[in-house]
Structures are given as structure tokens and as C-alpha cells.
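Have a look at the structure below before the remarks.
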Protein chains: 2
Amino acid sequence: MRSPAELSSAFRESGLKVTPQRQLLFRLLHDNATHPTADALYASASQQMPGISLRTVYQTLTDLTSMGELQSFDFGNGATRFDPNVGSHHHVVCRSCHEVADVYVDAAADLDVAGLEGFTIDRSDIVFHGVCARCSATPHATTPQPTSQTNSPTTGDMP
Amino acid sequence: MRSPAELSSAFRESGLKVTPQRQLLFRLLHDNATHPTADALYASASQQMPGISLRTVYQTLTDLTSMGELQSFDFGNGATRFDPNVGSHHHVVCRSCHEVADVYVDAAADLDVAGLEGFTIDRSDIVFHGVCARCSATPHATTPQPTSQTNSPTTGDMP
DNA sequence: CACTCTATCTGCACATGATGCGAACACGCA
DNA sequence: TGCGTGTTCGCATCATGTGCAGATAGAGTG
Ligand SMILES: [Mn+2]
Ligand SMILES: [Mn+2]
Ligand SMILES: [Zn+2]
Ligand SMILES: [Zn+2]
């Protein structure tokens, strides 16, 4: 998604208003690679703006998504994840702490696919499920951290 | 998943009981390629067995899944989908009627992937999103049908 | 067949994520 | 400063699932 300043201009030019709540969410989402849930954003926002409504967070996320500034994903862990990275990419999800990281897949266009007869495809998502480095070390890790990229390139096989 | 007869034997041999409710669900799920939701199964089951509880349907689905007889998928349409096809395969989902069809992808193991550093992968799911043949013809189709495979091989590009 | 031990079924409460609604509020502009 | 419409917020409501406990009924045993 675009920068907070760019979004503010775009909003005003579209007749939409630039409220403090929206500006805060613009900042919280910009360059945010954690794929946060609405609730996580609400928690962060509440620290800087006590009294902000969860309803407003949902509303703003829905608006930004329909404007194409955000992507939303459901990885089956209960809550929708929002992603300011609207470029084409894929994801890996930790089965233990539910951390989500971006994955870039090359040459995916060459896949030999059977079963799409009759369908007009406009989007393809690949989701890798596994265990992150931190959870591998600490079997019972729970709290996901903002970001962290570690070593040990364990590229699992692709069924 | 295995046939109703095989499942009945397996259940009894494991000390589990073979109830009419379970037998009905065995039949409803066997060779079922529609990727039904718990609610859809409950609707079907209720016709043949009025009074069956939705709770029992959920319970049985959970049991069969943890026994490896079913796979469950969440395509982000609100309800979990259950799949008696436990072999390795992928899916295409209609954005309009939410119909789900199986997709078989070859050579997926050769993908050039960046971003999995630190993760130990044990499963990879590819989901194609698009519009099915029926919804392409009837712009406002709603009710998904059991199965149907049509022509016009529109293999969309893979981002 | 009758008995007994348990697994199972069912109804209801509860949890969670998300949306619908309307009155109070405030951004943006004259 | 005042106005009008878009926003915010709180609360009700919906949807999918799960926890719980008493009633029910498989399936061996005598
Ligand atoms: Mn991403
Ligand atoms: Mn399938
Ligand atoms: Zn983890
Ligand atoms: Zn369709």
C-alpha cells in the first residue's frame, strides 16, 4: 500500500475524509510485514489512541482492501490477516505460533495443472505450512514476533 | 477415505462404536467430491435421519479428520470444507458460488522458492481462485451443484 | 435374552470473528 | 464560524464452532 501521506491525499481527492483514526492505521500498516489481524491492529492502535473502536479498525481495513491498498488472507487460523504488500507473492505459516512470512515463488507459471477445465482463474495462492525457527527451538513458543529472518534453509518438499 | 464397510470394521476394531449416525455420514462422505461443509452434510443427513444433531456431525467430522480419513480445508468462505480425498492434490474455488474442485499439479516440487529460510515445511497448498463455467454463463448463479466438469480449458496465468 | 460398561448423542451454553444499524460526532469547505 | 455529509462508536446480531453433562444405546458377557 502507499505511504500515509499518499493515502491521505488520495482519500481527500476521492471525497473521503482523513481522520486521526485512519491516519493512525495508515501508519500502523505501512511497511508492516507481520500480516496482522484486525484485533492485533486494534491492540496497537489502542495504545496510541485509547478509545478507538474495533469497529472502526474493521471498517478501515475493509475500505483499504476494497480500494486495493491491502490484501486479505485467511490461513484458517480463525482471523483474517491483512497485508499491505499487494504485489504478487505467497506465504508460509507457522503451525505453532501462526506467524506469517512472505514467500516468493519463481516460474510458477510453468506448472502443469489438471482440473481447471471450465474455470477462469484470476488468482493463485500458495500456502506453505510448517514450523518457524523460533518454534523449532522453543517447542511451546506462543507469541508471534514482528519480524525475524533466520538461517537453516530447510526447503521442504512440495507435495 | 475408506468405504463405509471398511470404516465400520476399523471403528469396531478400535473399540469405537458403529452408530447409525456414523454410518450415515460414512455413506454421505464416501466418494463425495463436493468438498461439503459441516452444515451441508447436516442438511443431507437430516433428510435421511430427521433429528440427527449438528453437534454429532461436527463431532464425527472432527474424529474422521484426526483419524486421517478426511482432510479439512479453509478457503476463506466462512466454513470449513471436508474432503474424503486424502491424496495429495490442490483446489480451485469459484469466487461466485464457492464451488470447489480438485486440481492436480505436477512438478510442483521444482518450484524456485525464496522466503522459507528457518521454516520446516510439511505441507503446501495451492488454491486457484476464479469463476466456474456455470457462473460464467449465469452471472448471478448461487447454488453450487454436486459436480460438473465442462470444457473451455481456460488455464489462467499463475502470478 | 438380560445386564453392564462406556462410548456416543443431543441440546444448550458459550467463544470468537465479523457485520448491520443508527445516533453522536467531526472533517472539509464556504 | 456554520453547515452537510462522511465517520466513528457502541451495541445488537449473525455465523461457525466448541465445551459440557445428562440421556441414550452399542457391544460384549453370562
Ligand atoms: Mn504477504
Ligand atoms: Mn479435494
Ligand atoms: Zn512459530
Ligand atoms: Zn461458480
Side-chain angles (χ1 to χ4, degrees), chain A residues 4-5 7-26 28 35-43 45-46 48-67 70-82 98 100 142, chain B residues 4-5 7-26 28 35-43 45-46 48-67 69-70 72-82 98 100 142:
Chain A
L7 284 177
S8 295
S9 300
F11 266 59
R12 262 189 278 260
E13 285 166 20
S14 301
L16 303 172
K17 295 176 179 174
V18 177
T19 66
Q21 292 89 343
R22 283 177 173 172
Q23 289 175 294
L24 173 54
L25 286 167
F26 293 170
L28 290 177
H35 305 80
T37 63
D39 221 58
L41 285 165
Y42 173 62
S46 295
Q48 297 184 47
M49 185 184 289
I52 188 174
S53 168
L54 175 59
R55 191 68 185 80
T56 297
V57 175
Y58 272 110
Q59 186 64 52
T60 303
L61 291 173
T62 304
D63 292 346
L64 286 172
T65 301
S66 64
M67 293 169 66
L70 290 179
Q71 284 191 75
S72 69
F73 297 95
D74 187 338
F75 298 115
N77 289 317
T80 300
R81 299 286 184 144
F82 294 88
H98 300 166
V100 178
T142 46
Chain B
L7 284 177
S8 295
S9 300
F11 267 60
R12 263 189 277 260
E13 284 166 20
S14 302
L16 303 173
K17 295 175 179 175
V18 176
T19 65
Q21 292 88 345
R22 282 177 175 173
Q23 288 175 294
L24 173 54
L25 287 168
F26 292 169
L28 289 177
H35 305 79
T37 63
D39 221 58
L41 286 165
Y42 173 62
S46 295
Q48 296 184 47
M49 185 184 288
I52 189 175
S53 168
L54 175 60
R55 191 68 185 80
T56 297
V57 175
Y58 272 111
Q59 185 64 53
T60 302
L61 290 172
T62 305
D63 292 347
L64 286 171
T65 301
S66 64
M67 292 169 68
E69 299 288 342
L70 290 179
S72 68
F73 296 95
D74 187 338
F75 298 115
N77 289 318
T80 301
R81 299 285 183 146
F82 293 89
H98 299 166
V100 179
T142 47

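Residue numbering restarts at 1 for every chain, and letters A, B, ... go by the order of the sequence lines.
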**OP:** Take atom NE2 of B:H98 and atom P of D:dT16, then tell me their distance rounded to the nearest Å.
**Re:** 12 Å

**OP:** Determine the minimum heavy-atom distance between A:Y58 and A:A38, stating which atoms define it.
**Re:** CE2-CB, 3.6 Å

Original post:
So does A:R12 get a side-chain nitrogen or oxygen closer than 4.0 Å to the phosphate oxygens (OP1/OP2) of C:dC27?
Top reply: no

Original post:
Do the non-hydrogen side-chain atoms of B:Q48 and B:L28 ever get within less than 4.5 Å of each other?
Top reply: yes

**OP:** Give a yes/no on whether any side-chain N or O of B:Q21 is located under 4.0 angstrom from OP1 or OP2 of C:dT10.
**Re:** yes

Original post:
Want to settle it: does B:K17 or B:T56 sit nearer the 5' end of DNA chain C, counting the closest nucleotide to each?
Top reply: B:K17

Original post:
So what does A:L16 touch, heavy atoms closer than 4.0 Å: a base, only the sugar-phosphate, or nothing?
Top reply: sugar-phosphate

Original post:
Quick one: A:L61 CG to C:dT19 C1', roughly how many Å, whole number?
Top reply: 14 Å

**OP:** Look at the side-chain N and O atoms of A:T19 and state whether any lies under 4.0 Å from the OP1 or OP2 oxygen of C:dA26.
**Re:** no

Subject >> Euclidean distance, atom OH of residue A:Y42 to atom C1' of C:dT16 [Å, nearest integer] >> reply: 15 Å

Subject >> Integer-rounded Å distance: C:dC9 C1' and B:I52 CD1 >> reply: 9 Å

Original post:
Within less than 4.0 Å of OP1 or OP2 of D:dG17, is there a side-chain N or O belonging to B:R55?
Top reply: no

**OP:** Figure out the CZ/C1' separation between A:F82 and C:dG17, and round it to whole Å.
**Re:** 11 Å

Original post:
Can you tell me how far OG1 of A:T80 sits from NE2 of A:H35, rounded to the nearest 0.5 angstrom?
Top reply: 13.5 Å

Original post:
Closest to the B:V18 side chain: D:dA27, D:dT18, C:dT8?
Top reply: D:dA27

Subject >> A:M67 and A:F11: CA distance, side-chain angles, deciding distance, side chain to side chain contact (heavy atoms under 4.5 Å, CB included) verdict >> reply: CA-CA 10 Å; A:M67 293 169 66; A:F11 266 59; 3.5 Å; yes

**OP:** For B:P20 and for B:A38, locate the closest nucleotide of DNA chain D by heavy-atom distance; then report the residue assigned to the nucleotide nearer the 5' terminus.
**Re:** B:A38

Original post:
Atom CG of A:D63 to atom C1' of D:dT8: distance rounded to whole Å?
Top reply: 12 Å

Original post:
How many angstroms lie between atom CG of A:L25 and atom OG1 of A:T56, to the nearest 0.5 angstrom?
Top reply: 8.5 Å

Original post:
At under 4.0 Å between heavy atoms, what does B:T80 touch on the DNA or RNA strands: base, sugar-phosphate, or nothing?
Top reply: sugar-phosphate

Original post:
Which nucleotide in the set C:dT19, D:dT7, D:dG17 lies at the smallest distance from any side-chain heavy atom of A:Y58?
Top reply: C:dT19

Subject >> d(CG, A:N77; P, C:dA18) in whole Å >> reply: 12 Å

Original post:
Between C:dG17 atom P and A:F75 atom CZ, what is the distance in whole Å?
Top reply: 16 Å

